[in-house]
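In what follows, a structure is listed as structure tokens, so that the remarks can point back to it.
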Amino acid sequence: MRLSRYFLPVLKETPAEAQIVSHRYMLRAGMIKQQAAGIYSWLPLGYKVLKRIEEIVHEEQIRAGHIPMLMPTLQPADLWRESGRYDAYGPEMLRFKDRHDREMLYGPTNEEMITDIFRTYVQSYKDLPLTLYHIQWKFRDEMRPRFGVMRGREFYMKDGYNFDLTKEDALHAYNRHLVSYLRTYERMGLQAIPMRADGGPIGGDYTHEFLVLAETGESEVFYDSAITELRFGNRDIDYDDVAQCQAILEEFTSRYARTDETHDETLFHQQVPEERRRRARGIEVGQIFYFGTKYSEPMGAMVVNDKGERVPVHMGSHGIGVSRLVGAIIEASHDDKGIIWPEGVTPFHCGIVNLKTGDAEADAACDAIHDSLVALGLDPLYDDRDERAGAKFATMDLIGLPWRITVGPRGLKNGVVELTCRRTGESQELPPEKAVERIAQIYGKALAEA
RNA sequence: CGGAGCGUAGCGCAGCCUGGUAGCGCACCUGCUUCGGGAGCAGGGGGUCGGAGGUUCGAAUCCUCUCGCUCCGACCA
């Protein structure tokens, strides 16, 4: 993509309403525009990142054997009356009537609807286990939206629902989700720690929240610092292997890690030696629940088991805050010049800076680099604007592309361009073809690992 | 929802207290010079001062109401 033909409205000054770094950079980098309190348009650059995150979530869900689908944003109130949540949910739920005076709501989550779908079509234990999920916009009319997309009213979320015959099967589904989530976050360059959490209005005894440590996090967290040494890495996972999934759950959840909702100071002191006790803040980027027959019973989601008995299915629900992750990743990865995208979610694989647009040699070299990257299936952003070098560097640093190829007449005289790493600031001079090769290598390697 | 504050050009702000018909920086347009870390000079365009009432000869400025947004608190992916 040539920047002169793209739409990237970067701001030099920080809009007054943005309090935290991710919100400031998302506005300045031209990723989002606020349309109302807690409601945002996703401009092209932000949209690209959102879609990258969504893709990773899909890939990992499908890998775990979960099945994608799509439910609507609007739901009839009647479904929610069946579960009893129409009254239980407060003013956070956006309610309205259609032209026929039917009560509707903008879905804050989809347990009722998925249960309705399940009960319509599934009658036998032979159709289990089943996990369906979708990635869809949700709305919760927060009293006080803030922090940009981290705490919006409208948000994009993956929510998945498992249906199993027994509690044991459902707990395996729970473990499977935990494992798939660990993989998912790591691919985004994040360390998200599963912490014992509180059920909240969704309910459930078994639940973990996934927290990314960040000073601006909304939750206070307490944990054993040994947890931060754990890496999922490039493991071979068989998601049907009950023992393997259980072992991974134990590996990642056996040490003390809780949010303030469930924190127990006495237990904390008993279980964690003083030098490893940590108190910090975290951003919640996902949560998994097992809640048994909480919805299947009242809503009649039953199957016939192998003894011919009609029994309610055991369920769980599992969420990943896709739009929130965009902010969370920035909170976890930035410096005073701007965003630093992890390779897994970057909107463009690398930037190309032409230091002297209009110089025949520089233009030709940039075109060649751009075209060879595209031919390799990569997506570069070429700054071909007639701007000064400083402005181009500042823009590249702000939008946070992990790699930059700088092309100028001075280097070209010696047959070299400059390849710079956004994260470390390190750069090396090398011939244009070698720079292209390096970028291909970086992403080829990253793709092979994924 | 309780408390606090802010709405003046695309963005950041001044002007308001002490009424006299709107200004600065950035951005934008034109020209010249510049050109490896957000250039310089010269010229130019752009604002129903959130909205509605009221007071006044006259309102961005004073009064009333209203809408929107932000911050602190209680609630949440």
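Here the P atom of nucleotide B:C11 and the NE2 atom of A:His23 are 14 Å apart, to the nearest Å. Distance CE (A:Met143) to P (B:C69): 16 Å, rounded to an integer number of Å. If you measure from atom CZ of A:Arg85 to atom P of B:C76, you get 13 Å, rounded to the nearest angstrom. Distance CZ (A:Phe147) to C1' (B:C71): 10 Å, rounded to an integer number of Å. Between the CZ atom of A:Arg281 and the P atom of B:C76 there is a distance of 16 Å, rounded to whole Å. Between the CD atom of A:Glu218 and the C1' atom of B:A74 there is a distance of 13 Å, rounded to whole Å. Counting to the nearest Å, the P atom of B:U70 and the CD1 atom of A:Ile39 are 11 Å from each other. The distance between atom CD of A:Glu142 and atom P of B:A74, rounded to the nearest whole Å, is 14 Å.
Considering only the side chain of A:Pro15, B:C11 comes nearest among B:C11, B:C13, B:C75. Closest to the side chain of A:Ala37, from the set B:G12, B:C69, B:C76, is B:C69.
Here A:Glu17 lies in heavy-atom contact (under 4.0 Å) with sugar-phosphate atoms only. Nucleic acid contact for A:Gly425: none, since no nucleic acid atom lies under 4.0 Å from a heavy atom of the residue. Contact annotation for A:Glu209: no contact, since no heavy-atom pair falls under 4.0 Å across all strands.
Of all nucleotides present, none satisfies the Watson-Crick or G-U wobble test against B:C76 with each distance under 3.5 Å. Searching all strands for a Watson-Crick or G-U wobble partner of B:G68 with both distances below 3.5 Å returns B:C6. Figure legend. B:G31 is base-paired to B:C41; pairs are counted as Watson-Crick or G-U wobble with both atom distances under 3.5 Å. The partner of B:C24 is B:G12, judged by Watson-Crick or G-U wobble contacts that both fall below 3.5 Å. Under the Watson-Crick or G-U wobble criterion, with both distances below 3.5 Å, B:G47 is left unpaired in every strand shown. Base-pair partner of B:U61: not found among the strands shown (Watson-Crick or G-U wobble, both distances under 3.5 Å).
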Carefully, step by step, assess A:Asp87 and A:Arg81 under the rule salt bridge (Lys or Arg N to Asp or Glu O under 4.0 Å). CA-CA 7 Å; A:Asp87 297 322; A:Arg81 290 217 167 81; 5.5 Å; no

What's the verdict on salt bridge (Lys or Arg N to Asp or Glu O under 4.0 Å) for A:Lys138 and A:Asp159, showing C-alpha distance, side-chain angles and the deciding distance? CA-CA 10 Å; A:Lys138 309 284 192 292; A:Asp159 46 323; 2.8 Å; yes

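Only the P atoms considered, B:U61 is 26 Å distant from B:G3, to the nearest whole Å. With both ends at atom P, the span from B:C76 to B:A39 equals 48 Å, rounded to whole Å. The gap from the C1' atom of B:A9 to that of B:G50 amounts to 15 Å, rounded to the nearest Å. Across the C1' atoms, B:G51 and B:A60 are found 14 Å apart, a figure rounded to whole Å. On the C1' atoms, B:U70 is 15 Å away from B:G12, given to the nearest whole Å. Spacing of C1' atoms, B:A27 relative to B:G73, comes out at 38 Å, to the nearest Å. Nucleotides B:C49 and B:A59 place their P atoms 11 Å apart, quoted to the nearest Å. B:G43 and B:C67 have their P atoms separated by 47 Å, with the value rounded to a whole Å.
A:Phe252 and A:Phe232 have tilted rings, their planes meeting at an angle from 30° to 60° on a 0 to 90° scale. Classification of the A:His58-A:Tyr133 ring pair by plane angle, with boundaries at 30° and 60°, yields tilted. In this structure, A:Tyr174 and A:His208 have tilted ring planes: the angle between them lies in the 30° to 60° band. Classification of the A:Phe210-A:Tyr185 ring pair by plane angle, with boundaries at 30° and 60°, yields tilted.
By the side-chain contact (heavy atoms from CB on, under 4.5 Å) test, A:Met71 pairs with A:Met69, A:Asn110, A:Met113, A:Ile114, A:Ile117, A:His134, A:Tyr161, sequence neighbours left out.
Closest-nucleotide positions on RNA chain B for A:Gly319 and A:Ala18 were compared, and the one nearer the 5' end corresponds to A:Ala18. Annotation: of the two residues near RNA chain B, A:Tyr156 and A:Glu13, the 5′-most nearest-nucleotide partner is A:Glu13.
Remark: A:Gln287 is not in phosphate contact with B:C76, judged by side-chain N or O atoms under 4.0 Å from OP1 or OP2.
Listed for the A:Asp384 side chain is a donor-acceptor partner under 3.5 Å among the backbone atoms of A:Ser4.
The six-membered or imidazole ring of A:Trp137 lies away from that of A:Phe155, with a centre-to-centre distance of 6.0 Å or more.
Contact annotation: side chain of A:Arg151 to base of B:C76, donor-acceptor pair present below 3.5 Å.
Using a cut-off of 4.0 Å between Lys/Arg side-chain N and Asp/Glu carboxylate O, A:Arg187 and A:Glu59 are scored as salt-bridged.
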In B/S/- notation, 5' to 3', how is nucleotides 36-41 of chain B contacted by protein heavy atoms closer than 4.0 Å? BBBB--

